[in-house]
Amino acid sequence: MASLKRGANQLSSSVGNTAKKPKANSSITSFFGAPKPKENAAAGAGAAPPSSFRFDKAKWVASLTAEQKDLLQLEIDTLDESWLAHLKDEVVTPEFLNLKRFLKKEKDSGATIFPPERDIYSWSRHTPLHTVKAVILGQDPYHNHNQAHGLCFSVRPPTKAPPSLRNIYKGIKNDYPSFEIPANDGLLTPWAERGVLMLNACLTVRAHNANSHSNRGWERFTQKAIDTVARVRTHGVVFLAWGSPAGKRVAGVNKQKHCVLQSVHPSPLSAHNGFFVNRHFQKCNEWLSERYGEDAMIEWSLNPKKPVLTRKSGSSQDQVEPLVDSKQVNIKPIDPPVSSTDQKENIKTGNTEEASVDLLCDEDDLDALEALAAAENDIPPAVVGKSGEEEKKDKAEEPKSDRN
């Protein structure tokens with residue numbers, strides 16, 4: 001009887017285990033599981049995030065040396081585990097540890113670093129790896145107070161949207177006429193939480209000193225993050241690469257698997273050469289909708305009461321218009337274009353009224369814009385190469401009515 005009872009118990013346990021055994025692929029619950037027919041895409045797009053990666057963080061931390069733990073405490077504490085699981089080997093490389101030693105020296109010297117430490121990896125927490133639908137690539141963080149917070153192009157309130165972001169808003173408005181351009185808001189966390197990874201090439205900067213932390217190791221690390229997206233999000237995401245530096249960073253992305261959209265940068269120094277009419281925001285959604293269904297599209301509105309996307313409600317208002325033919329894409333910009341020659345001359349002479357280069361309206365963003373332009377050979381080095389003292393002198397001599 002005891003033998004029979006044990007057998008029955010074993011059988012019962014076996015049946016119970018079989019019943020509880022998860023189905024294959026049950027962890028692939030985000031919409032970036034296997035591509036689904038459009039009518040089934042809604043379930044995938046809004047499902048809970050997967051936990052398919054196997055990463056014992058405690059065990060990994062225990063394997064670090066005392067110096068590594070000290071240098072990598074910020075990564076241990078603030079880099080989202082979905083990313084750390086794939087970047088753990090990169091952060092222990094000599095290159096990354098040297099970067100952390102450099103940043104430690106900067107901090108110990110009393111230098112102010114932006115963004116604040118707690119925000120350096122905010123992109124990873126707002127957009128965990130398994131939620132990425134699209135990637136927007138930036139370059140250097142904004143370098144003044146209350147601006148950078150870990151998402152490229154985004155600034156904290158009450159800081160108003162810088163010039164590049166205002167041009168991004170114009171691009172969205174061109175794609176979606178119902179888009180409401182925020183009067184002052186430049187905070188883009190809603191996009192990040194909808195699956196838009198907003199990643200700068202360099203993740204820190206010394207206060208008021210654009211590009212001061214470039215070529216120290218961040219570029220290698222963020223390239224690894226980009227490569228991770230391209231490798232792990234196997235069914236495809238959209239990469240939006242604006243400007244030649246961003247274009248180089250997506251050069252290795254498999255364009256058969258992913259959608260890569262490239263154009264000039266939204267900086268006032270280059271936006272009029274095609275950014276406003278690149279249709280990237282609409283093309284991004286067209287591609288996501290075609291592959292995963294309309295529920296996978298990104299809502300670009302920052303006003304929750306005024307979405308730019310409508311679902312199949314039977315109303316034609318705010319419906320996504322079909323993409324324009326590629327031959328017509330550069331015909332009708334929002335604002336009249338300014339030739340690159342005229343822009344350079346206007347920048348030289350300080351005549352910003354004749355150009356659409358509203359550089360003085362955001363003085364705090366001026367250095368970043370000039371550094372960006374210099375990187376793309378958009379303005380002469382003589383203009384970019386002014387020292388901080390020369391800039392202060394120039395600004396002091398400007399009539400107050402010309403400043404904002």
Side-chain angles (χ1 to χ4, degrees), residues 78 111-127 136 138-173 176 178-194 196-200 202-213 242 265-269 271 281 298-308 334 352 356-372 388 391-392 395-396 398-404:
T78 67
T112 300
I113 305 300
F114 294 127
E117 275 195 339
R118 67 183 181 276
D119 291 330
I120 291 173
Y121 295 111
S122 68
W123 52 270
S124 74
R125 301 190 300 277
H126 284 296
T127 316
I136 294 179
Q139 288 181 248
D140 205 48
Y142 294 117
H143 51 79
N144 208 355
H145 292 279
N146 206 39
Q147 292 184 328
H149 64 102
L151 306 181
C152 68
F153 296 107
S154 182
V155 291
R156 291 190 186 282
T159 306
K160 62 180 180 178
S164 292
L165 180 53
R166 291 204 302 274
N167 285 340
I168 290 172
Y169 289 160
K170 290 181 182 179
I172 300 174
K173 183 75 173 178
Y176 298 98
S178 64
F179 175 73
E180 183 180 83
I181 295 180
N184 295 303
D185 191 9
L187 186 66
L188 304 181
T189 51
W191 293 357
E193 290 164 359
R194 294 166 192 163
V196 182
L197 176 66
M198 287 176 282
L199 185 67
N200 275 318
C202 199
L203 297 187
T204 59
V205 65
R206 184 188 277 243
H208 321 306
N209 191 351
N211 292 317
S212 50
H213 288 179
W242 303 327
H265 195 275
S267 160
L269 302 173
F281 306 96
I298 294 163
E299 175 55 71
W300 296 108
S301 174
L302 293 170
N303 184 343
K305 296 181 180 180
K306 295 185 178 180
V308 299
I334 282 183
T352 58
S356 296
V357 184
D358 192 12
L359 294 179
L360 293 180
C361 70
D362 287 273
E363 291 182 354
D364 292 336
D365 192 45
L366 180 59
D367 289 340
L369 287 173
E370 290 184 341
L372 168 67
E391 286 188 354
K392 288 179 182 178
K395 291 175 183 177
E398 293 167 4
K400 289 185 178 179
S401 60
D402 290 340
R403 284 184 258 163
N404 189 357

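Since this is a predicted model, take the numbers as computed values, not measurements. Numbers here are sequence positions counted from 1.
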Reported [atom1]-to-[atom2] distance for the pair [X] and [Y], which is rounded to 0.5 angstrom:
X	Y	atom1	atom2	value
F179	I172	CZ	CD1	4.0 Å
L199	I136	CG	CD1	11.0 Å
H213	L203	NE2	CG	11.5 Å
I168	W242	CD1	CH2	4.5 Å
Y121	T78	OH	OG1	6.5 Å

Return yes if a side-chain donor-acceptor contact under 3.5 Å exists between T189 and H126, otherwise no. no
Got a donor-acceptor contact below 3.5 angstrom from the S301 side chain to the V308 backbone? no
Donor-acceptor check, side chain of D140 to backbone of N211, threshold 3.5 angstrom: yes or no? yes
Is the shortest heavy-atom distance from the side chain of W191 to the side chain of I298 under 4.5 Å? no
With a 4.5 Å cut-off on side-chain heavy atoms, are L151 and L187 touching? no
Partner residues of [X] under the side-chain hydrogen bond (donor to acceptor under 3.5 Å, both in side chains) criterion, sequence neighbours left out:
X	answer
Y169	none
H149	S154
E180	N303, K306

Provide the closest heavy-atom pair for [X] versus [Y] in the form atom of the first, atom of the second, distance.
X	Y	result
P115	A148	CB-O, 3.4 Å
F153	L165	O-CD2, 3.3 Å
A161	D185	CB-O, 4.0 Å
P141	C202	CD-O, 3.2 Å
Q147	H143	OE1-N, 3.6 Å
F114	A207	CE1-CB, 3.4 Å

Residues two or more places apart in sequence or in another chain: which of them pass salt bridge (Lys or Arg N to Asp or Glu O under 4.0 Å) with R206? E106
Could you walk me through whether W123 and N200 pass the side-chain contact (heavy atoms from CB on, under 4.5 Å) test, one step at a time? CA-CA 9 Å; W123 52 270; N200 275 318; over 6 Å; no
Identify, with sequence neighbours excluded, every residue that meets side chain to side chain contact (heavy atoms under 4.5 Å, CB included) alongside N146. R156, P158, T159
Residues passing the side chain to side chain contact (heavy atoms under 4.5 Å, CB included) test with P116, sequence neighbours excluded, are R118, D119
